Amino acid sequence: MKTILSNLIAKHLRGLGHEPPAEIVLDAPKVKEHGDLSSNVALALAKAAKLPPPKLAEQLASALSGETSIFQKVEVKGPGFLNFFLKPTAYHEALKSLWQGPNALKPFDFGGGRRVLLEFLSANPTGPMHVGHGRNAVVGDCLARLLEVTGHRVMREFYVNDHGVQIKTLGHSGCHYHTVMTQVGGVEVALPEDVYRGKYLEDLVAELKDRIAPIKHDPLAVGKLLGVELLETIKEELLRLGIVFDHYYSESSLYEEGKIDEALAVLKAKGMTYEREGALWFKTSEFGDDKDRVLIKGDNTYTYFTPDIAYHKDKFDRGYDVYLNVMGADHGGYVQRLKAAVAALGHNPEKLHFLLMQLVNLKRGGEVVNMSKRTGEYVTLHEVIDEVGRDAARFFFMMRSHNAALDFDLELAKQQSAENPVYYIQYAHARMCSIFRKAEEAGFPAPEALGEPGLSPLQLEEEIGLVKTLLNYPETLAGAVQFYEPHRVAFYLLDLAKTFQNYYTRAKGDDRYRVIGPQRETTVAKLYLVKTLREVFRHGLNILGVSAPESMTRESEE
RNA sequence: GCCCCCAUAGCUCAGUGGAUAGAGCAUUGGCCUCCGAAGCCAUGUGCGGAGGUUCGAUUCCUCCUGGGGGCGCCA
């Protein structure tokens, strides 16, 4: 709709002898009196055209009024705004244009097949995941889904920290638990400070007792064994959320395949490194970092940064168009130096984007649930999913922009009531399915068999309003993907559900609002509108990874 | 001290240059013989502060205040 209008405006601007601007801004005004859409072109162009804005607007308005198939009227208001009042038929055509064929929406090809390497979660396999991991996982997955439906090819990648200090620590922890466990009489052994702890470790060590015994002298081997097992439980948990990674990238492989030395060699060859105080430094400050960073420590081991450089070199060597990293905001200090590394290696750092996830506060009925990693006592993601279910869990993680802190209230998320937005949206969808069931009983075609009916019976303001909201969907997706903000889809669906529920409930007091009525043409046209609505709900819910149920059953009714 | 994020209604939050700033919850009052009441309608107050850019600023820039996070040869 907007494209049609802006093309028209550009055409008539040229007709009047003015060069149209690169982008013609069209907005949906908040006030009804300002029409269906309005534009500020006259204000923007007034200087170049050497005309007062109202004058230019008037010229345009009278030229555009000739397009009688689209416009009811064109008005000039305020300092020179053009207000367009559109005919319902324009909306009818626009509604149809959302469809590709009889049963599929037109694809949203904003990406043109661009290849995206999306790294997210990358949780250390040293313990069970908590809600923070859940947020990262869900946002990453929704972003992947969003990219896919908008014409991108996505590689979902999980970087496995299966090498280094934390694995050694994990191994030590396992050994300690093993010692405690195998001691006759169960003598209390104090766990050292720097050790992972928690019931999950106790259970896992008990399970693997016999496999740990022979390798107990080698904590690193124990750590790897435990790490592999813990990664499996992470994968199981992700599966419960409907998340499947395409690739698990092993940190160890960087060592085994010599990729770290390779990356170091490149940096050295480019003169990006120097030695000082027995360590090897990387001149990241030449690329906008606060200070230089150490690559090889005095004890001749790598910092955690070094394998990551090699990893990102490998990412770029694999050749994608965009590289996205979803990580916790507590790693924010990491962004500059990683970009520096990419630039130093001769790649374009502009292609590397970071989504920094802010904190999640777990709450229950408004009270903060305290968690302590030190004692190993915290609510795991597993328990959260057990309690609230997959749909609510996923939706709640998507209800905030990633760069705002998120309160996750367990009570609210599991409430099966109006206060819970996920049910609100699903309920709207279920109602539409119910309408189709009733319609078929009354002898109307199934949604798949509706074809492309005449839509002229759609004249109610609310019906046109629903079409307007539907027409916002493509641009919502475009904005969401452009700014990597998949949560916009969740907000859009809430808005669409609200608009529909309003329309639906009016039928209680006014038969004109009923979808299924005595006039066949009217009913079929309305069914077509509802079919489009339902399809957009399905499409959007699919991006969020939330189910679109045909009917809702309350637990209390089961 | 330096860097990043945030500040909008009583509460939780939308809104990245447009006209009279929106939802939900909470409050108060209405609506089920009806395509599903997990629903709908009605109901007041608000852009933290000071400058600047602009025809026009919640939005962009600078400073200030208040909150969160980060600043290691830890990961």
Side-chain angles (χ1 to χ4, degrees), chain A residues 25 27 29-31 33-34 38-40 43-44 46-47 52-53 77-81 83 124 126 161 164-166 169 194 276-281 289-291 293-305 308 328-336 354 356 358-359 361 366 399-407 409 412 415-428 430-439 441-442 479 483 487-488 490-492 494-495 497-498 501-509 511 513-517 523 526 530 551-554 556-557:
Chain A
V25 181
D27 277 307
K30 291 161 195 142
V31 196
E33 288 71 37
H34 295 153
S38 76
S39 178
N40 63 352
L43 288 121
K47 267 184 190 165
K77 282 275 179 67
F81 286 105
N83 295 332
N124 285 341
T126 54
N161 293 105
V165 181
Q166 71 275 19
T169 310
D194 57 341
R276 197 179 78 197
E277 296 161 14
L280 185 71
W281 295 72
D289 199 6
D290 296 339
K291 51 187 168 187
R293 309 286 169 178
V294 171
L295 294 171
I296 302 179
K297 297 184 266 187
D299 64 1
N300 210 31
T301 62
Y302 300 127
T303 61
Y304 67 94
F305 180 39
D308 263 10
D330 54 343
H331 291 71
Y334 203 54
V335 172
Q336 269 313 322
F354 292 85
L356 299 181
Q358 297 292 329
L359 287 181
N361 299 307
M399 283 186 55
R400 288 286 172 276
S401 154
H402 59 81
N403 56 15
L406 166 71
D407 287 344
D409 195 312
L412 184 58
Q415 238 178 74
Q416 304 196 324
S417 76
E419 292 177 40
N420 193 337
V422 65
Y423 287 96
Y424 184 80
I425 293 173
Q426 290 180 321
Y427 184 54
R431 272 180 156 174
M432 292 180 216
C433 293
S434 176
I435 290 175
F436 285 121
R437 285 193 292 270
K438 295 280 176 188
E441 279 170 26
F483 296 103
H487 72 282
R488 296 185 186 206
F491 282 101
Y492 172 81
L494 272 173
D495 186 42
K498 172 93 182 154
Q501 300 273 36
N502 180 344
Y503 172 71
Y504 179 93
T505 314
R506 274 171 195 265
K508 294 218 178 281
D511 282 347
Y513 289 87
R514 293 178 69 81
V515 172
I516 302 164
T523 300
K526 291 187 179 195
V530 175
S551 66
M552 306 286 280
T553 45
R554 237 197 265 245
S556 55
E557 290 172 359

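Letters go in sequence order (proteins before strands), and every chain restarts at 1. Quick caveat: nothing in here was measured; it's all calculated off a predicted structure.
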- prompt: Any stacking of A:Y504 on B:C35, going by centres under 5.5 angstrom and planes within less than 30 degrees?
  reply: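 Stacked: centres under 5.5 Å apart, planes under 30°.
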
Is there a side-chain contact between [X] and the phosphate of [N], meaning an N or O under 4.0 Å from OP1 or OP2?
X	N	value
A:K498	B:A23	no
A:K291	B:C3	no
A:T505	B:C40	no
A:Y334	B:G70	no
A:R293	B:G72	no
A:K297	B:C74	yes
A:K508	B:C35	no

Spacing of the P atoms in B:C3 and B:U65 (rounded, Å):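 To the nearest whole Å, 14 Å.
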
field: Rounded P spacing from B:A57 to B:G48 in Å
entry: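 These two P atoms come out 15 Å apart once rounded.
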
Counting any heavy atom closer than 4.0 Å, what does [X] reach on the DNA or RNA strands: base, sugar-phosphate only, or nothing?
X	answer
A:E277	base
A:G332	nothing
A:N124	sugar-phosphate

message: Strictly under 4.0 angstrom, non-hydrogen atoms only: write out the protein contact profile of nucleotides 17-22 of chain B, one letter per nucleotide from the 5' end, B, S or -.
response: -BBB--

message: Tell me which nucleotide, if any, is Watson-Crick or G-U wobble paired with B:C13 when both distances must be under 3.5 Å.
response: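 The answer is B:G22, by the H-bond criterion.
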
field: Pairing nucleotide - B:A50, Watson-Crick or G-U, each distance under 3.5 Å
entry: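 Across all strands, the one nucleotide that pairs with B:A50 is B:U62.
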
query: For the pair made of OH in A:Y492 and P in B:G15, what is the distance, rounded to whole Å?
result: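 One finds 16 Å between P of B:G15 and OH of A:Y492, rounded.
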
